[in-house]
Amino acid sequence: MSGESKADDANAEGKSSNGENDGENVQTCKVVIIGAGMAGLAAANHLLKNNLRDFIILEGRNRVGGRITAITIDGRKMELGANWIHGILGNPIYELASANSLVDIIQENKPHNVVATLQDGRRVPFSILQEIYDAYFWFFRRCEEYFLCKYLPPDGIDSVGAHIKLEISIYLQQFPEHERHIRNLIFNYLLNRETCISGCNNMDDIDLMEIGSYTELPGGNIVLPGGYSSILGPLTKDIADTQLLKGHPVSCVRWRRGLEATSTVDSGLGQDILSKPDDNSEGGLLECKSGSTSLAASPSKKVRPKVEVVCQNGKKFLADHVICTVPLGVLKESGKTLFDPPLPEYKMDSINRLCFGTVDKIYLEYERPFLNPNLTEVLCLWDPIDPQEPVSERWYKKIYSFSKVTETLLLAWISGDEAKYMETLPFDVVSEKCTEILRRFLNDPFVPKPKRCINTTWWSQPYTRGSYSSVGVGASQVDITNISHPLYMHPTSSKPAVLFAGEHCHPSFYSTVHGAYLSGREAAQLLCTPDTPPEVVLDVEGTADLSSWLQGIALN
């Protein structure tokens, strides 16, 4: 649930306890929320707004925020996780920030001046750079149209990467051989950049027919003056310390606890309670398989079964409902063992089909400025990566640019397998390689070494195992719906036992903070909805009943 530096979270994971559970280690509440990231905090706040205060949040780390986190060095904030609010109109995060005076109403548009350089230091004319940017924009938009228009792509083209490469090859045919190389390098840079935006190893991993399922909200990318983590203040101020338990990683969720003891068994005819999708839902309802005419086992009125949540520190929590907000990466790694009984097969299949990519940041801090004050970003035009080359010898070629945060702070992005490998390297090795890259592309042997290098480690973090989700080849929005579908303890239950939330649970805003927020709010709303909807009465003055009122309407 976060992407801190290598040193972070060393003590966050609690030790397992083999001791027997005693009364002091058991706590009962109405709702347990697993995870204090955006989805978990949004769920908790929605429960509070609906006067449902009997809940507990269990967070594995010793802090809140999940993938929203920053560190402060020399008075300067470095965002390690979420960077921008993506869009204004219809974005609940922007609305929350605006309501709490966390965002500047007037956004300053700073000029963005880039220089694109080859490995020998030669600079690419801006006109060529602009030409390729414009072409790539339309190539990508055509990929998104498949989802909206439902027409079929060329045979054998099923990924975004394959489609864009086809467009590139057709586009480059109009140029002489000696003019194609530089243009192809710019396209390669844009594809590397796109992996960080989409959250994947390679654009060949992203499903062509589903790339358009992501909905981009209008308004551009907004930066909070106080850092993205300032949004956590309004979300935590009404949650009591006793309700938010940090350092409580969850090891098991027993979501049919006590069901056997409270079920009615047909005499002589055993009943097995299964969890699988039926014909009328995405799945998760419990059905009964029986030789009798009875369709479902009935729970006893004497004992209401609870969901049991077990933490690694030995503490146990009994709740009517659990909202699970752990990231998709954790579900991929621990989905089969985290739940007892295991998650239904249809849900695990969808978890495995979706992508959960690794995207890391590299911060380089310098004693003094060395780039031209008017320059904001250095683009590195590498030759395309050879996947047969060992990752240890090519990882740095995925670093596609260095952008200015301040005059003495640069930021680079890296994704996929190369990012995972980088996480295994010491900071000084990463620093030396970045210095080598800058000296090569700027053709300047005097580029200074940074005084500090910090990189994130989203893949290595046990509570994230990656950065954010995307729809991989063969996956679809249906998989997101399957993952988000709640699980019911019994077919006659009015409310689900386990609900799921997180950015990977929103079919249109996956990979975003606002997607996580909306999914958490939606899960909480399901628990706040009355079991029996109130009766709607149409009261029309002067009429005895509805039929007499309708008779008074002249349809012609």
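Start at 1 with the first residue, then count along the sequence.
A distance of 6.0 Å or more separates the ring centres of Tyr214 and Phe509.
By the 4.5 Å heavy-atom criterion applied to side chains, Val307 and Val32 are not counted as neighbours. Two residues are said to be in side-chain contact when any heavy atoms from C-beta on lie closer than 4.5 Å; Glu365 and Ile73 meet this criterion. Using a 4.5 Å heavy-atom cutoff, the side chains of His504 and Tyr510 are not in contact. By the 4.5 Å heavy-atom criterion applied to side chains, Leu410 and Val405 are not counted as neighbours. Leu48 has its side chain within reach of Ile239: a pair of non-hydrogen atoms, C-beta onward, lies under 4.5 Å apart. Between Leu245 and Glu59 there is no side-chain heavy-atom pair separated by less than 4.5 Å. Two residues are said to be in side-chain contact when any heavy atoms from C-beta on lie closer than 4.5 Å; Cys252 and Phe339 fail this criterion. With a 4.5 Å cut-off on side-chain heavy atoms, Cys29 and Phe55 do not count as touching.
Summarising the local packing, CZ of Arg193 is surrounded by 12 or fewer heavy atoms from other residues, nucleotides or ligands at distances under 6.0 Å. In this structure, Glu522 places its CD atom where only 12 or fewer heavy-atom neighbours from other residues, nucleotides or ligands lie under 6.0 Å away. Atom NZ of Lys451 has more than 12 neighbouring heavy atoms from other residues, nucleotides or ligands inside a 6.0 Å radius. Around atom CD of Gln525, more than 12 heavy atoms belonging to other residues, nucleotides or ligands sit under 6.0 Å away. At most 12 heavy atoms of other shown residues, nucleotides or ligands fall within 6.0 angstrom of atom CG in Asp241.
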Side chain to side chain contact (heavy atoms under 4.5 Å, CB included) between Lys316 and Glu308, worked out:
CA-CA 7 Å; Lys316 296 184 179 181; Glu308 181 182 63; 3.6 Å; yes
In sequence, state the C-alpha distance, the side-chain angles, and the governing distance for Val359 and Trp458, and then conclude on side chain to side chain contact (heavy atoms under 4.5 Å, CB included).
CA-CA 7 Å; Val359 179; Trp458 288 103; 5.9 Å; no
Test side chain to side chain donor-acceptor pair (under 3.5 Å) applied to Ser401 and Glu377, step by step:
CA-CA 7 Å; Ser401 79; Glu377 187 174 11; 2.6 Å; yes
Any chance you could lay out the side chain to side chain contact (heavy atoms under 4.5 Å, CB included) test for Gln312 and Val250, step after step, and finish with the verdict?
CA-CA 6 Å; Gln312 291 182 18; Val250 171; over 6 Å; no
Apply side chain to side chain contact (heavy atoms under 4.5 Å, CB included) to residues Leu217 and His514 and explain how you reach the verdict.
CA-CA 10 Å; Leu217 296 177; His514 57 274; 3.7 Å; yes
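In this structure, OH in Tyr228 is found 12.0 Å from CZ in Arg67, a value given to the nearest 0.5 Å. To the nearest 0.5 Å, atom CD1 of residue Ile480 and atom CZ of residue Phe500 are 15.0 Å apart. With rounding to the nearest 0.5 angstrom, the CG atom of Asp360 is 8.0 Å from the OG atom of Ser460. Note that CG of Leu232 is 8.5 Å distant from OG1 of Thr69, once rounded to the nearest 0.5 Å. Remark: Ile34 CD1 to His248 NE2 distance equals 12.5 Å, nearest 0.5 Å. Distance check: Tyr396 OH to Tyr421 OH gives 10.5 Å after rounding to the nearest 0.5 Å.
The backbone N or O of Ala475 lies less than 3.5 Å from no partner atom in the side chain of Asp479, so there is not a single donor-acceptor pair. At distances below 3.5 Å, at least one donor-acceptor pair connects side-chain atoms of Lys347 with backbone N or O atoms of His485. Using modelled atom types, one side-chain atom of Ser476 and one backbone atom of Val478 make a donor-acceptor pair closer than 3.5 Å. With Asn50 contributing its side chain and Leu52 its backbone, the two residues share no donor-acceptor pair below 3.5 Å. Proximity of a side-chain donor or acceptor of Asp207 to a complementary backbone N or O of Gly474 within less than 3.5 Å is detected. With hydrogens and angles ignored, the 3.5 Å screen pairs a side-chain donor or acceptor of Ser251 with a backbone N or O of Val310. Looking at Trp255, its side chain does come within 3.5 Å of a backbone N or O of Pro341 through a donor-acceptor pair. With Ser519 contributing its side chain and Gly502 its backbone, the two residues share a donor-acceptor pair below 3.5 Å. Of the possible donor and acceptor atoms, one in the side chain of Thr481 sits under 3.5 Å from a partner among the backbone N and O of Gln477. Between the side chain of Lys332 and the backbone N or O of Leu354 there is at least one donor-acceptor pair closer than 3.5 Å.
Heavy atoms only, all atoms of each residue included: Cys453 and Ile362 are closest at SG-CG2, 4.1 Å. The minimum heavy-atom distance linking Ile85 with Ala97 is given by the pair CD1-CB, 4.2 Å. The shortest heavy-atom contact between Asn45 and Pro234 is OD1-O, 4.1 Å. Across every non-hydrogen atom of Ser469 and Leu328, the tightest pair is CB-CD2, 3.9 Å. Listed here is the closest heavy atom pair of Ile33 and Gly40: CG2-CA, 3.7 Å.
No side-chain donor from either of Gln243 and Arg53 sits under 3.5 Å from a side-chain acceptor of the other. A side-chain donor from one of Ser229 and Lys77 sits under 3.5 Å from a side-chain acceptor of the other. A side-chain donor from one of Asn83 and Lys361 sits under 3.5 Å from a side-chain acceptor of the other. For Glu503 and Thr512, the side-chain atoms include no donor-acceptor pair closer than 3.5 Å.
The pair Asp320-Lys495 does not meet the salt-bridge criterion, since no charged nitrogen lies less than 4.0 angstrom from a carboxylate oxygen.
A cation-pi arrangement is found for Arg465 relative to Trp459, the charged atom lying closer than 6.0 Å to the ring centre and inside a 45° cone about the ring normal.
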